[in-house]
Amino acid sequence: MIFATNSKVLYFCAKQAGFQKCVSLLTGASREQQRLKVQILSSVRKSHTSSLSKKYASKIIDGKKIATQIQAEIKYDIQRWLARGNRGPHLSVLLVGDNPASAVYVSNKLKAAKQTGISSETIVRPTKTSEEEVLNIIRELNDNPNVDGILVQLPLPNHMNERKVCNAIAPHKDVDGFHVVNVGRFCLDMNALMPCTPLGIMELLRRTGIETFGKNAVVCGRSKNVGMPMAMLLHADGVGETQAGDATVTICHRHTPAQQLVEFTKMADILVVATGIPHLITADMVKEGAAIIDVGISRIKDPITGRSKLVGDVDFDRVIEKASYITPVPGGVGPMTVAMLMQNTYSAACSQIRYETGTITEYQTWDDESENVAFVI
């Protein structure tokens with residue numbers, strides 16, 4: 001219902017406030033009107049989202065619940081590992097700078113590590129830390145036999161070369177899966193420590209029962225950490241070591257013309273969106289019955305309440321009506337990324353992935369001019 005008073009519009013829901021109460025509020029002091037508008041709209045929005053969640057509960061992929069199950073499985077595996085007299089897995093996290101989001105992500109990872117029985121430490125350095133100092137820290141961790149997994153939280157300060165830093169981590173300790181050796185291995189369909197977010201998405205698809213074999217999959221985003229490895233895992237041969245998806249994959253990115261983007265997304269049986277553009281994917285861009293995986297997470301300001309909120313790359317409230325499955329933001333892909341980091345750390349600890357030529361004997365050096373990487377494994 002809409003009422004106009006003194007040229008101002010006041011929205012309200014009779015179910016929440018009651019009709020007579022709303023009438024009295026409307027006739028009250030005009031200075032209260034804007035405050036009430038914000039409160040009532042907020043109440044309506046929360047009620048709408050809640051009703052959507054209940055109505056379409058069977059469509060929502062609960063990433064948090066699945067991640068909790070996986071972490072319980074990892075905890076059990078670690079307990080068995082310890083019972084055989086082995087040392088517990090250890091994860092070292094290097095955090096450079098004061099990015100608030102990075103601090104939150106690191107905190108969540110350390111919390112998950114504790115819950116699964118993985119010991120951990122955070123090495124914090126200020127933004128002004130030199131790249132050489134960071135590389136020296138990584139070398140020390142590489143040489144430490146009690147460290148199984150090394151993670152450098154991204155993004156790094158602008159004066160550092162992220163690729164150089166990621167390549168400094170010993171491949172068998174690279175639990176983020178960003179080292180060139182690990183990237184090359186999984187692109188060749190060989191066992192590797194793989195990037196956690198794509199790995200988590202594949203696990204979501206499997207555990208939800210979403211078929212990938214022969215399906216049309218579209219990946220929006222081509223980042224080296226999510227989009228590219230996601231496309232590789234969806235399209236590669238399912239009988240290979242990576243147990244990939246056997247899907248037909250299309251990759252869209254920032255230079256894909258808008259009209260063509262719509263044409264591609266409407267063909268997708270599985271749509272993975274990782275662009276960081278809030279509500280990029282709308283209902284008219286989605287095929288009826290598609291499975292939607294929303295990787296994006298952005299903090300935006302609500303134009304009505306003025307409060308900040310987290311949203312994904314998909315217009316969840318409307319797309320859910322057409323999708324067969326959809327991940328929420330938050331609570332979808334994020335928890336799975338953390339769970340896969342725990343899985344990678346455990347895998348690294350018990351050497352589940354064999355690097356055929358042995359262990360690291362010489363760490364790589366990077367020549368920025370020739371772009372040559374030299375290492376022996």
[X], [atom1]: over 12 other non-hydrogen atoms inside 6.0 angstrom:
X      : atom1 : result
Asn146 : CG    : yes
Asp98  : CG    : no
Arg254 : CZ    : no
Lys59  : NZ    : yes
Lys215 : NZ    : no

Counting distance only, does the side-chain N/O of [X] pair as donor-acceptor with the main-chain N or O of [Y] below 3.5 Å?
X      : Y      : answer
Thr212 : Gly245 : yes
His172 : Ala349 : no
Thr256 : His253 : yes
Lys173 : Leu141 : yes
Asp315 : Ile281 : no
Glu241 : Asn191 : yes
Ser308 : Arg299 : no
Lys322 : Val286 : yes

Could you give the distance from [atom1] ([X]) to [atom2] ([Y]), rounded to the nearest 0.5 Å?
X      : Y      : atom1 : atom2 : answer
Tyr346 : Gln71  : OH    : CD    : 15.0 Å
Ile293 : Thr327 : CD1   : OG1   : 5.0 Å
Leu94  : Thr122 : CG    : OG1   : 9.5 Å
Thr116 : Glu73  : OG1   : CD    : 12.5 Å
Cys196 : Leu151 : SG    : CG    : 7.5 Å

Donor-acceptor side-chain pairing of [X] and [Y] below 3.5 angstrom:
X      : Y      : answer
Asn99  : Tyr105 : no
Ser223 : Asn225 : no
Asp189 : Thr242 : yes
Thr275 : Asp313 : yes
Arg139 : Asn142 : no

Side-chain contact test, heavy atoms from C-beta onward, threshold under 4.5 Å: evaluate it for [X] versus [Y] and give yes or no.
X      : Y      : result
Lys164 : Glu131 : yes
Met336 : Ile70  : yes
Leu156 : Leu154 : yes
Thr248 : His235 : no
Leu193 : Ile353 : yes
Tyr325 : Ile292 : no
Val152 : Cys166 : no
Met342 : Lys75  : no

Say whether [X] and [Y] are linked into one hydrophobic cluster, either directly or through other cluster members, by side-chain heavy-atom distances under 4.5 angstrom.
X      : Y      : result
Val262 : Ile277 : yes
Val272 : Met228 : yes
Leu233 : Val219 : yes
Val106 : Val175 : yes
Val319 : Ile60  : yes

Heavy atoms only: give me the nearest [X]-[Y] pair and the separation to one decimal.
X      : Y      : value
Phe316 : Pro328 : CE1-CA, 3.9 Å
Ser324 : Ala291 : OG-N, 3.8 Å
Arg185 : Ala192 : CB-CB, 3.8 Å
Pro89  : Gly117 : CD-O, 4.4 Å
Pro155 : Ser102 : CD-OG, 3.9 Å
Glu211 : Ile270 : O-CD1, 3.6 Å

Whether Asp302 and Arg307 form a salt bridge (side-chain N of Lys/Arg under 4.0 Å from carboxylate O of Asp/Glu) is what I want to check. no
Side chains of residues 197-204: which donor-acceptor pairs under 3.5 Å do they make with residues two or more places apart or in other chains?
{"residue": "Thr197", "atom": "OG1", "partner": "Thr337", "partner atom": "OG1", "Å": "2.9"}
{"residue": "Glu203", "atom": "OE1", "partner": "Arg206", "partner atom": "NH1", "Å": "3.4"}
{"residue": "Glu203", "atom": "OE2", "partner": "Arg207", "partner atom": "NE", "Å": "2.7"}
{"residue": "Glu203", "atom": "OE2", "partner": "Arg207", "partner atom": "NH2", "Å": "3.3"}

Checking one residue: [X]. Which other hydrophobic residues are in its cluster under the side-chain 4.5 Å linking rule?
X      : value
Val311 : Ile300
Phe213 : none
Val239 : none

Assess the residue pair Val93 and Leu110 against the criterion (side chain to side chain contact (heavy atoms under 4.5 Å, CB included)); give the C-alpha distance rounded to whole Å, side-chain angles, the decisive distance to 0.1 Å, and a yes or no. CA-CA 9 Å; Val93 181; Leu110 298 187; 4.1 Å; yes
Pairing residues for Ala274 by the side-chain contact (heavy atoms from CB on, under 4.5 Å) criterion, not counting sequence neighbours: Val226, Val295
Excluding sequence neighbours, so at least two apart, what forms side-chain contact (heavy atoms from CB on, under 4.5 Å) with His90? Arg87, Ser92, Ser119, Glu121, Val147, Asp148
Start with the C-alpha gap between Asn344 and Met194, add the side-chain angles, then the distance that decides, and say whether side chain to side chain contact (heavy atoms under 4.5 Å, CB included) holds. CA-CA 8 Å; Asn344 276 353; Met194 291 183 281; 5.5 Å; no
Test: Arg163 cationic atom under 6.0 Å from Phe178 six-membered ring centre, within 45° of axis: no
Dump the intermediate steps for side chain to side chain contact (heavy atoms under 4.5 Å, CB included) on Met160 and Val134, then the final yes or no. CA-CA 9 Å; Met160 295 186 190; Val134 168; 3.5 Å; yes
Go through the steps to decide whether Leu341 and Leu91 satisfy the test side chain to side chain contact (heavy atoms under 4.5 Å, CB included), and finish with yes or no. CA-CA 10 Å; Leu341 174 64; Leu91 172 67; 4.3 Å; yes
